[in-house]
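First up is the structure itself, then whatever we jot down about it.
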Amino acid sequence: MFVYILKRLGLMLFVLWGVTLTAFLISHTLPADPAAAVLGNNAREEQLAEFRQRYGLDQPLPVQYGLYMKGLLRGDLGTSLRTQNSITSDLRQFFPATLEITLVAVVFALVIGLPLGIVAALWHGRWPDLTARIFSLLGGATPVYWLAILALTLFHEKLGWLPGPGRLDSYSLPPPVHTGLVSVDALLAGDRQVFVDALRHLILPGLVLGAYSAALLTRMTRSALLEVLSQDYVRTARAKGLKRSRVISKHALRNAALPLLTVFGGLFGGLLTGAVLTETIFSWPGIGGYATTSAISLDFPAVMGVTLVAGLAYSVVNLLVDLAYAFFDPRISYR
Amino acid sequence: MNLIPSRTALSRILMCTALLGAGLAGAQRQNTLVVGGDFSDLVTLDPGVAYEFSGSLILGNIYDTLVAYEGNNLKTLRPRLASSWSVAQTGTGSRITFKLRDAKFSTGRPVTAADVVYSLERVINLKTPSSFLLTDVANLKVGSVTAPDAKTVVMDIPKTANPNIVLALLTFNVGGIVDSTEAKAHIQNGDYGSAWLKNHSAGSGPFKLNRWDQSAQVALDVNPNAFRRSTTIKRVILRYMQESAAQQTALNSGEIDVAWDYTPDAFKAAQTNPNLKALKTDTFTMAYLGMNSAKGSVFEDARVRQAVRYAIDQDGIVKSLLQGLALKTQTIIPLGMAGSTSRISYPYDPAKAKALLRAAGKPDGFSVDMQIGTGACPGGVPCQDLAAKLQSDLAKVGIKVNIRQSVTSEMLTAYRAQKTSLILMYWGPDYPDADGNGTPLADYGAKSLAWRNAWNNPQASQLAQAAATETNQAKRVNLYAQLNKLMVDEGPYAVLYQPNKPVVTSKNVTGFVRDANGNVQFERVSKK
């Protein structure tokens, strides 16, 4: 097991190196000039030249890549061309917001998707199944931005049940930053009012972001469970006279969990990086918005930083999923 | 004795507490102004470094400049930190002498002439994106600004710079006066305190920085030491809301008081909403078509360029595309600035355009590529829609336009290399003076827009330079009148429009004035 993890970590490093190389090549072979993008229309020639020189943009590509890798090995992701901050500090600022909304989305996806899928499989072909299938179809086919605007208009503007865009009410100042997760920071500061406010602000964007995943999870749970339920060992278990609830929880669900886990790992990684639209519409200051603004202003170091973090998150989640396999299926062992 | 309060007493206590809470929250709401908008261009709050719209907007409320424009009047300079100033001619150029008023920084220290000298010299030494305003336009060096006593600042400028322009650019945040003691206390690696000032404040303006959460919000608190007193607003919050849809929702629900970036469509709806105030604010931006006039190009002949100007239906663009959110203009100096003119030299006339093309030896017209950017053009209209309108207008006179869309920065690179033929672009001056447009648009030697369009006209260069250094205002305006005429007849631009910026506030907000530079004096705003 330990050797396996080491092996996987080594492989992960290799993958991440590939990510940097690809991202570097794509961003640096674009015909556009980051100096022009950052300094804009009014910038004069001398300013552009000075900018290129300061950030080494006038160096040949291999030299630029070498310099980047040298910094990376020392844990330095470079300086953002646009914000002039170190990429590390920018990521530390934006990543927690995305993580917060993603965690909520995952919880929603699980809380909605799993039971709905189970219900659909158990009442196969009857009305609960139909409802679940309509939900998963709608959830999977509705564009996120449309759902976001709809949810905001209905639950915030018209009904006034939930707060609008942003992480906190306009009139409450954010708590001191410790973790970057506003809800956690509010708890740490002992500010109950801000904590509740933060939680309330998480509901809508979390639901919207989680909707697609919930739909997918419903569908996957349903089909995985249906397949398992028709297996011989389930029939045997039933024939033995085991209670229905025990058959489902012990025999069926446990075996259906494996394919679900794979889907879930993919979902989590996708959520983490795919929150762009939700973040834009909910004015959520996360990595999605940061990535978009950086890409538009050709802020290469920032784009590469985001890509690297996304790659890392994906790899880590996948590793965890693989490890969890062993927990659900003792037949799988790692060497 | 009953120690447990009765049910009614308990509910009364609860009610009182709730009311107290609501009252406090209500007072807080009354005192806080929340502005929602796209502030993603904000990169620093150092007044000597910031060169973006959002930075300028915020810094105008944190820092004071020596002189300033008040409200919407951008033609008359008013005293700010300087209670008075005088301009005198010297052997080498001119000398501006400022007398400082009694003012205090938010740190409690008095504003002295030494602070002024330090603030301007730090910009010169820092070589920031905006320092060319002091070094190249005002021709200032370290040592040009001196402080004979604590209340007097003397600025010596050479003949090559115009004191009127210098005064105008000192109103920009590059002329913001920093508490030098505070800045010096936070110097890291000789950065003049720039890293610290990026997200801290040390100014004498009506507000001071509470906190800037990147991409989330900027919170300003009232500065109790300020001489520009904010009467009711104690806190200003600028919330990042990129989407017009999000701003609409938030404005309608009372989450924000002011929406900074509305689309023309949303603005139209807001105009008929009794709960909102729709403000058509002015800008100095102008959208134009640039025509590359290099030898051998289709636009080399001035008659072809004139034909393009006659062929464009400006009224159609302003009325239907921009929903009236723009001014019709044809000259290079923005309306609202000294030296501008609202004269229309090219009424929409396709027949005349055809005749000009015939005279230029192109009776069957020609085919040309037009570069356009992605996203929105000035005034919030999608560049693609604007380009389609131009394409159909030009097609009517035989000019076949092929639209080439790319990311603005990519297009800009081609433009800078003189590699565009026809380009849909925009320009906003660096400082509120006619020279901010005159030199870049007319003077080929400035290597800016005239150069990018390969249009070299020595007479235009000469006029632009003469107007830049002329200190007599009447003569200066006359020079710009000549330059405007020359550019309209010969220039490489078809000026399309000068957009308004739509700003929507809730109806209880009063005193919200956005000037053409994009600045708002938050201390003049109140909520009823």
Side-chain angles (χ1 to χ4, degrees), chain A residues 30-48 50-51 80 82-85 89-90 93-94 97 145 148-149 152-153 156-158 160 163-174 177 182 279-286 289-290 292-293 295-298, chain B residues 25 28-29 32 34 36 40-44 49 51-52 127 129 132 136 198 210-211 213-217 219 235 237 239-243 245-250 252-253 255-257 374-375 406-416 425-430 436 440 446-449:
Chain A
L30 284 176
D33 176 11
V38 173
L39 297 174
N41 193 4
N42 291 27
R44 292 120 55 88
E45 300 300 324
E46 311 89 77
Q47 272 175 274
L48 295 173
E50 211 255 341
F51 186 90
S80 159
R82 186 175 60 90
T83 67
Q84 313 270 311
N85 294 333
S89 79
D90 271 358
Q93 173 128 24
F94 292 109
Y145 65 89
I149 292 176
L152 261 182
T153 313
H156 172 62
E157 194 181 331
K158 299 284 180 231
R167 296 172 87 183
L168 280 178
D169 188 82
S170 297
Y171 299 92
S172 56
L173 272 184
V177 180
V182 172
E279 284 182 3
T280 312
I281 291 170
F282 283 98
S283 310
W284 201 264
Y290 180 70
T292 322
T293 327
I296 288 171
S297 49
L298 301 179
Chain B
Q28 198 192 359
R29 280 178 186 258
T32 306
V34 187
S40 56
D41 63 334
L42 188 64
V43 291
T44 174
V49 183
Y51 193 39
E52 301 76 30
K127 293 205 180 90
F132 80 95
D136 296 18
K198 187 173 186 170
N210 173 314
R211 194 168 137 177
D213 293 287
Q214 263 193 75
S215 292
Q217 62 174 21
R235 177 172 287 170
I237 302 214
R239 286 190 58 179
Y240 285 64
M241 288 188 177
Q242 269 181 304
E243 281 293 296
Q247 290 179 32
Q248 283 174 60
T249 311
N252 290 338
S253 70
E255 186 91 6
I256 61 175
D257 303 307
T374 49
S406 56
V407 190
T408 307
S409 54
E410 191 182 327
M411 176 173 84
L412 207 49
T413 306
Y415 195 25
R416 284 178 192 283
M425 254 320 256
Y426 50 89
W427 180 261
D430 286 315
K447 262 206 135 187
S448 187
L449 299 194

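We name chains A, B, ... by the order of the sequence lines, and we start the count at 1 in each one.
Ranked by non-hydrogen atom pairs under 4.5 Å with chain A, the options B/Gln247, B/Arg235, B/Gln242 are led by B/Arg235. Chain A forms the most heavy-atom pairs under 4.5 Å with one residue out of B/Val34, B/Ile256, B/Asp430, B/Thr249, and that residue is B/Thr249. Of all the listed residues (A/Ile149, A/Leu48, A/Leu152), the one sharing the greatest number of non-hydrogen pairs under 4.5 Å with chain B is A/Leu48. Of the listed residues (B/Lys198, B/Met425, B/Glu52), the one with the most heavy-atom contacts under 4.5 Å to chain A is B/Lys198. Between chain B and the residues A/Gly160, A/Gly166, A/Ala43, the largest count of heavy-atom pairs under 4.5 Å involves A/Ala43. Interface summary for chain B: among A/Leu298, A/Leu39, A/Asn85, A/Val38, the most heavy-atom pairs under 4.5 angstrom belong to A/Asn85.
Atom CD of A/Glu46 is separated from atom NZ of B/Lys127 by 12.5 Å, given to the nearest 0.5 angstrom.
Judged by distance alone, the side chain of B/Glu243 and the main-chain N or O of A/Thr280 form no donor-acceptor pair under 3.5 Å. A donor-acceptor pair is defined here as one N or O able to donate and one able to accept, closer than 3.5 Å; no such pair exists between the side chain of B/Arg239 and the backbone of A/Ser283. Using modelled atom types, one side-chain atom of A/Ser170 and one backbone atom of B/Glu255 make a donor-acceptor pair closer than 3.5 Å.
Residues passing the side-chain contact (heavy atoms from CB on, under 4.5 Å) test with B/Arg211, sequence neighbours excluded: A/Pro174, A/Val177, B/Asp213.
If you measure heavy-atom distances from B/Ser448 to chain A, you find no contacts under 4.5 Å at all. There is no contact between A/Ala35 and chain B, counting heavy-atom distances below 4.5 Å. Heavy-atom distances place the backbone of A/Leu168, and not its side chain, under 4.5 Å from chain B. In this structure, chain B has a heavy atom under 4.5 Å from the side chain of A/Phe94, while its backbone stays farther away. When heavy atoms are compared at a cutoff of 4.5 Å, B/Ala246 approaches chain A by way of both its backbone and its side chain. When heavy atoms are compared at a cutoff of 4.5 Å, B/Pro129 approaches chain A by way of both its backbone and its side chain.
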A/Leu173 vs B/Gln217, test: side chain to side chain contact (heavy atoms under 4.5 Å, CB included). Steps then yes/no. CA-CA 10 Å; A/Leu173 272 184; B/Gln217 62 174 21; 4.1 Å; yes
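Of all heavy-atom pairs spanning B/Ser253 and A/His156, the tightest one is OG-NE2, 2.7 Å. Between A/Asn42 and B/Gly428, the closest heavy-atom pair is ND2-O, 2.8 Å. Here the closest heavy-atom approach between residue B/Val407 and residue A/Ile296 is recorded as CG1-O, 4.5 Å. Looking at every heavy atom in both residues, B/Gln214 comes nearest to A/Asp90 through NE2-OD1, 3.4 Å.
Here B/Arg416 does not pair with A/Asp33 in a salt bridge; the nearest charged N to carboxylate O distance is not below 4.0 Å.
B/Val49 is not listed as a side-chain neighbour of A/Gln84, based on a closest heavy-atom distance of 4.5 Å or more.
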Please set out all donor-acceptor pairs under 3.5 angstrom arising from side-chain atoms of residues 408-415 of chain B, sequence neighbours excluded.
from, atom 1, to, atom 2, distance (Å)
B/Thr413, OG1, B/Ser409, O, 2.9
B/Tyr415, OH, B/Tyr288, OH, 2.9
B/Tyr415, OH, B/Asn453, ND2, 2.8

